[in-house]
J.: 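This is the structure I want to talk about, given as structure tokens.
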Amino acid sequence: MIEPLPIDVVHLMAAGEVIDSLSAVVRELVENALDAGATRIVISLWADQWRVRVSDNGAGMTLENLRQAARPHTTSKIRDRADLQNIRSLGFRGEALYSLAQLSQLEILSRPSSEMQGWRVAYDAQGEAAEIETVAIAPGTIITVDQLFETWATRRDALPSAAQQLKAVQTVIYRLALCHPQVTWQVQQGERDWISLWASRTAKQRLPQLVRGVQEAELHEISIASGNAVESSLYLLLGLPDRCHRRRPDWVNVAINGRLVHLPELEQTLLAGFRQTLPRDRYPVCFLHLHLLPQQIDWNRHPAKTEVYLHNLDYWQQHVSQAIEQALRLNPASIPEPLSSRRVGTVIKAAESGADYRVHRTIAPGEPLPSVLRAIAQVHNRYILAEHPSGMWLVEQHIAHERVLYEQICDRWQLLPLEPAIILNHLSQAQVEQLQHLGLVVELFGDQIWAVRSIPALLAQREDRVDALLELSLGGDLQTAQVATACRSAIRNGTPLTLTEMQTLLDQWQQTRNPRTCPHGRPIYLALEESALARFFRRHWVIGKSHGLE
Ligand code: ADP
Ligand code: MG
């Protein structure tokens with residue numbers, strides 16, 4: 001039932017122009033369709049004629065509601081002041097249709113599924129129903145906005161070119177489509193099809209429809225439902241760092257209850273979760289969707305609702321970090337589990353269903369992951385060939401070891417005293433300061449001569465430790481020094497390894513937090529999945545034991 005809001009509630013709302021562009025029209029109409037429970041939304045745009053039409057298969061409106069819909073501050077979504085703390089819909093201010101009636105020729109066709117016919121209502125500039133007639137339409141709503149900003153020439157002049165406005169419309173649609181993957185979207189420019197997005201189960205199937213070059217197999221999703229009294233949940237979709245990343249952080253997104261929001265704190269948490277897993281100047285693809293109780297969010301901050309205030313931000317940052325960590329480990333399968341149980345579920349799935357090497361395990365945080373890789377052979381003194389329950393893997397020995405060492409020294413940057421000291425000549429002041437900044441003890445020993453009296457533990461026994469110290473002195477922060485130290489200390493390619501050494505390396509590497517890439521962002525392993533091998537060898541062609549099948 002659409003009713004006017006009490007005046008005290010109106011005064012509490014973040015006021016502002018809701019409709020300031022073509023894309024704002026699309027946003028408001030589409031959000032209304034989503035609030036009405038639509039699973040199919042069709043948008044038609046005639047940008048040069050300032051016309052937009054949005055059709056949906058949602059709940060529709062009765063004639064009584066149609067009469068109310070475009071009056072100022074009328075809404076079916078909240079009633080009173082208390083409801084402002086309990087917003088479960090995208091809209092709640094009851095302003096959009098009223099603004100559109102003022103700024104355009106507004107016409108609504110609507111039919112609730114319970115009724116046999118629909119109504120067509122054309123509105124005047126005050127949002128009053130000016131023409132009413134019955135129409136034969138399918139259940140749902142069709143809203144047409146025509147001659148937008150016709151009476152507001154300065155607004156039209158201030159807007160960018162049609163092409164740029166269409167780009168903004170696309171962005172609005174993509175942002176909502178990512179948050180509502182179950183909805184089918186169809187967008188036309190005039191009579192021409194422009195964007196089609198088919199309904200999908202989760203954002204994992206939706207994102208590849210939106211971002212060129214991203215494939216489903218490169219993405220990993222994880223959902224965690226919080227149990228107990230707080231019915232919140234967290235959905236995280238991320239691009240595996242060894243398979244996809246981008247030049248700009250344009251697909252690092254946070255959504256809350258069905259809408260993308262600007263929450264720099266959580267965006268930073270997402271970026272931080274990928275630290276030292278991506279090549280330099282590359283950014284991850286990731287999408288975080290929090291479903292929270294309405295009481296935990298304040299939407300009423302900004303007219304476009306892109307800025308929100310979130311309660312318990314620390315709590316969510318912590319859980320997001322944990323979720324990323326879990327997702328980036330090897331073989332994590334997301335099992336919905338209560339956040340409060342603090343148990344991380346891991347299912348190691350065989351690639352071929354029905355095979356009996358299926359393993360299910362639950363592992364507590366901190367507990368080492370079971371080793372699933374068995375070293376078989378070394379190839380070209382460079383790759384470790386390993387058997388995995390789901391196929392075979394090639395692991396590059398140098399970078400796998402580099403990842404192991406890097407995480408060890410991040411956890412413990414250990415410096416050992418040097419006895420006797422290493423003497424270095426001709427260090428610049430900056431070099432000396434750099435070494436001291438990394439925690440090393442460096443003292444002036446004579447004219448242009450310095451004594452280095454401590455060294456990172458990993459480098460202590462190395463023959464090239466003088467070179468290593470010089471490298472460290474040349475700059476960079478602690479992290480850079482740690483990466484350099486790990487790289488220098490890791491087993492070189494070309495070094496022969498025994499089976500035991502390979503197995504030890506595999507075991508250590510599997511326990512790392514970010515096994516997919518080295519600290520420079522290079523991929524560490526190549527998985528040849530049994531299912532892919534079976535396809536390649538056309539194993540389904542032959543039936544019978546004579547061909548080596550069991
Ligand atoms: P709000 O969304 O803030 O409630 P609007 O001005 O956008 O305000 O819409 C006013 C009312 O019109 C909504 O509360 C809703 O009841 C109804 N409405 C608008 N669009 C639709 C739609 N596509 N389907 C069903 N009802 C709609
Ligand atoms: Mg609305």
Side-chain angles (χ1 to χ4, degrees), residues 1-6 9-10 12-20 23-44 52-80 83-84 86-104 106-115 118-123 125-129 135 137-145 172-173 176 180 183-186 257-259 294 299-306:
M1 180 70 149
I2 304 180
E3 288 177 357
L5 284 172
V9 182
V10 171
L12 285 174
M13 308 250 229
E17 260 166 38
V18 206
I19 305 293
D20 57 3
S23 61
V25 176
V26 173
R27 183 191 65 222
E28 293 297 326
L29 294 182
V30 166
E31 289 192 353
N32 280 345
L34 291 168
D35 279 345
T39 56
R40 188 181 152 75
I41 298 177
V42 180
I43 304 164
S44 307
V52 180
R53 174 174 299 148
V54 174
S55 316
D56 68 62
N57 64 349
M61 283 174 271
T62 60
L63 179 58
E64 192 189 353
N65 279 339
L66 282 166
R67 284 183 196 277
Q68 287 284 353
R71 289 183 178 148
H73 302 298
T74 52
T75 181
S76 58
K77 299 170 192 173
I78 63 171
R79 286 274 165 273
D80 54 32
D83 288 343
L84 279 177
N86 190 22
I87 291 166
R88 292 176 185 271
S89 47
L90 295 168
F92 59 88
R93 297 199 182 102
E95 273 182 306
L97 293 184
Y98 174 59
S99 305
L100 288 171
Q102 291 180 303
L103 298 170
S104 71
L106 177 67
E107 176 198 88
I108 306 182
L109 281 62
S110 196
R111 175 187 154 196
S113 57
S114 56
E115 292 189 22
W119 296 93
R120 172 186 163 274
V121 178
Y123 297 86
Q126 282 71 51
E128 295 296 329
V135 284
I137 55 164
T141 302
I142 304 169
I143 302 190
T144 307
V145 166
V172 160
I173 293 170
L176 283 162
H180 300 270
V183 175
T184 299
W185 304 73
Q186 218 180 324
N257 293 4
R259 179 192 275 118
W299 285 115
N300 197 20
R301 290 208 120 190
H302 187 269
K305 306 176 193 117
T306 49

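Read the numbers this way: they start at 1 and go in the same order the structure lists the ligands and their atoms. Only heavy atoms go into these numbers, but all of them, side chains included; no hydrogens, no water, no symmetry mates. All values derive from a computational prediction rather than experimental measurement.
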J.: Report every pair formed by an N or O atom of ligand 1 and a protein N or O atom separated by less than 3.5 Å, giving atom names and the distance to 0.1 Å.
T.:
unit_1	atom_1	unit_2	atom_2	d
ligand 1	2 (O)	Asn32	OD1	2.9
ligand 1	2 (O)	Lys77	NZ	2.7
ligand 1	3 (O)	Phe92	N	3.0
ligand 1	3 (O)	Arg93	N	3.0
ligand 1	3 (O)	Gly94	N	2.7
ligand 1	4 (O)	Thr75	OG1	2.5
ligand 1	6 (O)	Ala96	N	3.3
ligand 1	6 (O)	Leu97	N	2.9
ligand 1	7 (O)	Asn32	OD1	3.0
ligand 1	7 (O)	Asn32	ND2	2.8
ligand 1	8 (O)	Gly94	N	3.4
ligand 1	14 (O)	Thr75	OG1	3.3
ligand 1	14 (O)	Ser76	N	3.0
ligand 1	14 (O)	Ser76	OG	3.2
ligand 1	16 (O)	Ser76	OG	2.5
ligand 1	20 (N)	Asn32	ND2	3.4
ligand 1	23 (N)	Asp56	OD2	2.9
ligand 1	24 (N)	Thr141	OG1	3.4

J.: What protein atoms of element N, O or S are positioned under 2.8 Å from the Mg ion (ligand 2)?
T.: Asn32 OD1

J.: Taking the side chain from Asn57 and the backbone from Thr39, do they hold a donor-acceptor pair closer than 3.5 Å?
T.: yes

J.: Does a side-chain N-to-carboxylate-O contact under 4.0 Å join Arg259 and Glu31?
T.: yes

J.: Give a yes or no on whether a salt bridge exists between Lys77 and Asp35, defined as a side-chain N under 4.0 angstrom from a carboxylate O.
T.: yes

J.: Identify the heavy atoms of Ser110 and Thr141 that sit nearest to each other, and give their distance.
T.: OG-OG1, 2.9 Å

J.: Can you name the closest pair of heavy atoms from Thr75 and Gly94 and give their distance?
T.: CB-CA, 4.0 Å

J.: Can you confirm whether the side chains of Arg40 and Gln186 place a donor and an acceptor under 3.5 Å from each other?
T.: yes

J.: Phe92 and Leu5: which non-hydrogen atoms are nearest, and at how many Å?
T.: O-CD1, 4.0 Å

J.: On a heavy-atom basis, which atom in Tyr123 and which in Ala101 lie closest, and how many Å separate them?
T.: CB-CB, 4.5 Å

J.: Between Thr144 and Arg53, does any side-chain donor sit less than 3.5 Å from a side-chain acceptor?
T.: yes

